[in-house]
Amino acid sequence: MKIRWKRLLAAPFVFLAAIVIIIEDWLWDDLARLAAAIGRLPVFRQIEVLIVSLPPYAALVTFGAPTLLLIPVKLLALWLIAHGQQALGLLTVVLAKFAGTALVARIFMLTRKNLLRIGWFAALHERVTIFRERVHTAIRNSRIYRTIHLASARLKIAVKEWLRNRRQGFWQRRWAAALKLSRRKQGD
């Protein structure tokens with residue numbers, strides 16, 4: 001009976017955690033690629049070279065900087081929400097989350113080697129990684145996650161299929177128009 005209540009009370013949190021993990025899984029790699037593409041721009045390339053060459057504790061400060069830089073943005077979002085601009089405040093939080101995740105993912109990729117040279121950071125990283133994997137495994141084994149994951153996979157396939165069909169339709173229409181135009185010109 002006790003376990004049943006625990007599951008019942010935990011269900012909404014498991015549901016939210018499953019959504020967060022799916023979104024994180026979708027976004028982390030894509031946002032890291034986006035940040036890497038931006039990093040290939042000449043100005044940012046020089047900054048990335050500088051970041052990679054930082055000693056371990058300077059790399060740690062650089063890795064932590066985006067979190068501190070986003071605090072004013074989050075406070076702005078809170079202020080907007082408090083002053084009746086809920087949609088704009090929520091949009092600000094979401095955009096800050098995307099930008100922050102992209103920036104942190106890229107900086108971590110650049111500084112990881114130097115960060116793991118710090119003993120306590122390496123130990124903490126290992127513990128966090130083990131904990132994260134344990135949580136991911138528990139959530140991935142839940143029925144809610146499997147249902148959401150299956151639905152999101154089906155949605156991805158449907159969107160890809162729709163885009164492929166639309167793209168083919170677009171080019172097929174263009175080809176048909178070109179043939180029609182060429183036949184008209186041959187007839188003249």
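Numbers here simply count residues along the sequence, with the first being 1.
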**Q.** Hydrophobic cluster identity match, Ile107 and Leu124, side-chain contacts under 4.5 Å
**A.** yes
Q) Under the side chain to side chain donor-acceptor pair (under 3.5 Å) test, which residues partner Arg112, sequence neighbours left out? A) none
Q: Give a yes or no on whether the backbone of Asn114 and the side-chain of Thr111 come within a donor-acceptor separation of less than 3.5 Å.
A: no
Q. What distance separates Phe108 CZ from Leu110 CG, expressed to the nearest 0.5 Å?
A. 11.0 Å
(Q) With rounding to the nearest 0.5 angstrom, report the NE2 to CG distance, His125 to Leu115. (A) 8.5 Å
Contacts table for residues 80-92: side-chain donor-acceptor under 3.5 angstrom, sequence neighbours left out:
from: His83; atom 1: ND1; to: Trp79; atom 2: O; distance (Å): 2.9
from: His83; atom 1: ND1; to: Trp79; atom 2: NE1; distance (Å): 3.3
from: Thr92; atom 1: OG1; to: Leu88; atom 2: O; distance (Å): 2.7

Q | Heavy-atom neighbours of Phe121 CZ exceed 12 at 6.0 Å | A | yes
Q) Under the 4.5 Å side-chain heavy-atom rule for ILVMFWY, direct or indirect, which residues accompany Ile71? A) Leu68, Leu75
Q: If you link ILVMFWY side chains whenever their heavy atoms are less than 4.5 Å apart, which other residues fall into the same cluster as Leu70? By chain and number, please.
A: Val73
Report, one line per pair, each donor and acceptor closer than 3.5 Å where one atom sits in a side chain of residues 50-66; sequence neighbours left out.
from: Ser53; atom 1: OG; to: Val49; atom 2: O; distance (Å): 3.3
from: Ser53; atom 1: OG; to: Leu50; atom 2: O; distance (Å): 2.8
from: Tyr57; atom 1: OH; to: Trp120; atom 2: NE1; distance (Å): 3.2
from: Thr62; atom 1: OG1; to: Ala58; atom 2: O; distance (Å): 2.9

Q.
I need the full list of salt bridge (Lys or Arg N to Asp or Glu O under 4.0 Å) pairs touching residues 47-57, with sequence neighbours left out, sorted by first then second residue.
A. Glu48-Arg106
Q. Which residues satisfy the side-chain contact (heavy atoms from CB on, under 4.5 Å) test with Arg127, sequence neighbours excluded?
A. none
Q. Is a side-chain donor or acceptor of Arg40 paired with a backbone partner of Arg45 at a separation under 3.5 angstrom?
A. no
**Q.** Residues that Arg154 engages under side-chain contact (heavy atoms from CB on, under 4.5 Å), provided they are two or more places apart
**A.** Leu150
Q) Among all residues two or more places apart in sequence or in another chain, which pass the side-chain contact (heavy atoms from CB on, under 4.5 Å) test with Val159? A) Leu155, Leu163
